[in-house]
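The structure under discussion appears below in the form of structure tokens.
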Amino acid sequence: RLFIYPSIYKETNMTLIQMNRLIFRLLLLFSALSLSACPQPSKYPKEKSKINPLPHNYKVGGVLPPVYDAPDIIGTLGGARVHMVDYTVQDVMYADTPSPFAKEWGDYQAPPHTYDSKITSMGFYMNHNTGKIRDTRNDGDFYEEENQPASPWVLVGIDSNNEIMNRPDFLDTFLNRDLEKKPELPSYHYVKISETLYGLQRYIVPGTDPKTGKPYRFENFESDDLFIARDKSGHVRSYIKCSNKDVPNPPCRHRFKLMNGIQVTIDLLYSRQRLYDWQKLEKQSTDIILGFTHTAENDPVNIQSSSNRSK
């Protein structure tokens with residue numbers, strides 16, 4: 001289910017970022033497997049305090065205490081200053097964080113970070129029903145809900161944009177790659193169909209496998225359905241790839257960019273049963289990310305730091 005970055009990345013010096021993304025994609029893969037292994041439902045919905053430090057994984061009855069030692073996470077993400085806490089975000093990678101595959105990882109001690117520290121990637125879970133971010137201090141029924149058909153939980157991954165990712169045709173490269181003929185899979189080629197779904201253009205792999213008698217589009221990742229939204233200039237603004245597997249929760253991988261005040265690329269992983277609300281999912285995740293910037297703007301430490309820099 002992994003997103004495959006086009007060969008254009010080979011032309012840039014992005015080894016660390018690629019490694020960071022690999023880690024997050026592996027997390028998405030495990031979540032996708034969880035989504036597709038759920039029991040069949042009877043009916044689907046339509047298409048800071050520092051007091052009393054405790055161990056991070058300390059829980060009572062599956063719920064973390066409301067007050068525990070949770071350091072603030074601050075830095076610059078996509079050109080904007082952000083302020084978060086570790087019980088709502090995960091896998092935060094800074095520019096100076098070594099890859100887990102590097103020899104420095106074993107004894108790496110993260111230095112103190114400031115608002116000028118560059119964050120390259122991070123993630124969090126979001127509840128589609130409520131629009132709220134997951135708070136591990138009170139997980140409630142998170143693990144049960146995550147495994148239910150049409151789960152409301154959405155895994156959100158964020159990458160700080162570089163020059164290539166900021167280009168207006170960046171997401172076009174993913175669609176163009178899918179539309180290329182594959183010598184190793186000659187029967188797998190996408191065609192655009194006239195019918196739209198939820199306002200999205202549709203691309204499918206037509207035809208039937210003569211060996212199995214099943215449509216090619218139901219067989220593997222290479223034949224997942226594509227759903228595309230375009231901007232006024234005709235460039236891809238939302239790239240969505242959804243599984244056709246006959247399982248209760250076929251996963252959708254959804255990518256779009258945020259360029260208003262912060263320059264990041266966002267990856268969503270959710271059940272295809274939630275595809276009907278793709279625009280709301282984009283807004284919900286965007287609102288949470290912009291909330292990180294608003295918290296930073298109101299942080300006295302950031303205000304003082306900005307004041308000192310302007311002198």
Side-chain angles (χ1 to χ4, degrees), residues 1 24-25 27-48 56-57 59-66 68 70 73 77 82-92 121-159 198 227 238 240-243 247-256 258 262 264-295:
R1 63 124 340 264
F24 186 76
R25 288 182 202 146
L27 178 61
L28 293 184
L29 173 60
F30 294 134
S31 297
L33 293 174
S34 174
L35 283 171
S36 53
C38 305
Q40 184 73 29
S42 58
K43 184 178 181 180
Y44 289 143
K46 65 175 181 177
E47 278 261 275
K48 208 156 193 224
H56 181 70
N57 60 353
K59 292 190 177 185
V60 178
V63 178
L64 283 166
Y68 75 112
I73 297 174
L77 176 70
V82 292
H83 184 145
M84 305 160 290
V85 287
D86 76 339
Y87 46 78
T88 59
V89 297
Q90 60 191 53
D91 304 320
V92 179
S121 61
M122 54 170 285
F124 58 83
Y125 276 95
M126 173 187 76
N127 190 301
H128 174 217
N129 291 344
T130 65
K132 295 182 178 180
I133 195 170
R134 176 194 177 197
D135 185 332
T136 58
R137 293 174 303 173
N138 188 354
D139 265 343
D141 298 323
F142 169 76
Y143 293 103
E144 292 182 10
E145 292 176 351
E146 187 189 22
N147 291 321
Q148 290 176 356
S151 170
W153 290 102
V154 180
L155 182 58
V156 182
I158 309 162
D159 284 313
Y198 311 130
F227 299 93
S238 300
I240 308 173
K241 198 168 191 177
C242 294
S243 171
V247 294
N249 265 317
C252 284
R253 292 87 59 195
H254 178 163
R255 171 166 288 169
F256 67 102
L258 180 57
I262 185 172
V264 294
T265 297
I266 303 170
D267 288 322
L268 308 179
L269 176 68
Y270 52 83
S271 169
R272 184 164 177 164
Q273 309 303 329
R274 302 275 171 172
L275 178 62
Y276 72 94
D277 227 2
W278 66 274
Q279 294 182 85
K280 182 177 180 180
L281 290 169
E282 289 189 353
K283 185 179 186 306
Q284 287 177 325
S285 54
T286 294
D287 287 346
I288 291 174
I289 295 168
L290 293 180
F292 298 150
T293 68
H294 296 156
T295 302

As an exercise, state the distance from [atom1] of [X] to [atom2] of [Y], rounded to the nearest 0.5 Å.
X: F292; Y: H83; atom1: CZ; atom2: NE2; value: 10.5 Å
X: I73; Y: Y87; atom1: CD1; atom2: OH; value: 10.5 Å
X: I289; Y: I266; atom1: CD1; atom2: CD1; value: 3.5 Å
X: R272; Y: N249; atom1: CZ; atom2: CG; value: 12.0 Å
X: Q284; Y: L268; atom1: CD; atom2: CG; value: 10.0 Å
X: L258; Y: I158; atom1: CG; atom2: CD1; value: 9.0 Å

(message) Any non-hydrogen side-chain atom of R274 less than 4.5 Å from a side-chain atom of V154?
(response)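 No, their side chains stay 4.5 Å or more apart.
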(message) Taking the side chain as everything from C-beta on, heavy atoms only, tell me whether M84 gets closer than 4.5 Å to T295.
(response)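 Side chain of M84 against side chain of T295, heavy atoms only: no contact under 4.5 Å found.
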(message) If the condition is salt bridge (charged side-chain N to carboxylate O under 4.0 Å, His left out), which residues does K283 pass it with, not counting sequence neighbours?
(response)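 In terms of salt bridge (charged side-chain N to carboxylate O under 4.0 Å, His left out), with neighbours along the sequence ignored, K283 is linked to D287.
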(message) When you measure from the centre of the six-membered ring of Y143, is the NZ or CZ of R134 closer than 6.0 Å and no more than 45° off the axis?
(response)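 Pair R134/Y143 counts as cation-pi.
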(message) Walk me through whether Y125 and D139 qualify under side chain to side chain contact (heavy atoms under 4.5 Å, CB included).
(response) CA-CA 11 Å; Y125 276 95; D139 265 343; over 6 Å; no
Restricting to non-hydrogen atoms, name the atom on [X] and the atom on [Y] that form the minimum distance, rounded to 0.1 Å.
X: P248; Y: Q273; result: O-NE2, 3.5 Å
X: I288; Y: G131; result: CD1-O, 3.8 Å
X: V82; Y: T293; result: CG1-CG2, 3.8 Å

Please check this pair: side chain of [X] against backbone of [Y], looking for a donor-acceptor N/O pair closer than 3.5 Å.
X: S285; Y: L281; value: yes
X: N127; Y: T130; value: yes
X: T88; Y: D135; value: no
X: S151; Y: Q148; value: no

(request) Could I get the full list of ring pair (Phe, Tyr, Trp, His ring centres under 6.0 Å) partners for F256, not counting sequence neighbours? (result)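 Here the qualifying residues are H254.
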(request) List the steps and the verdict of side chain to side chain contact (heavy atoms under 4.5 Å, CB included) for H128 and K280. (result) CA-CA 8 Å; H128 174 217; K280 182 177 180 180; 4.1 Å; yes
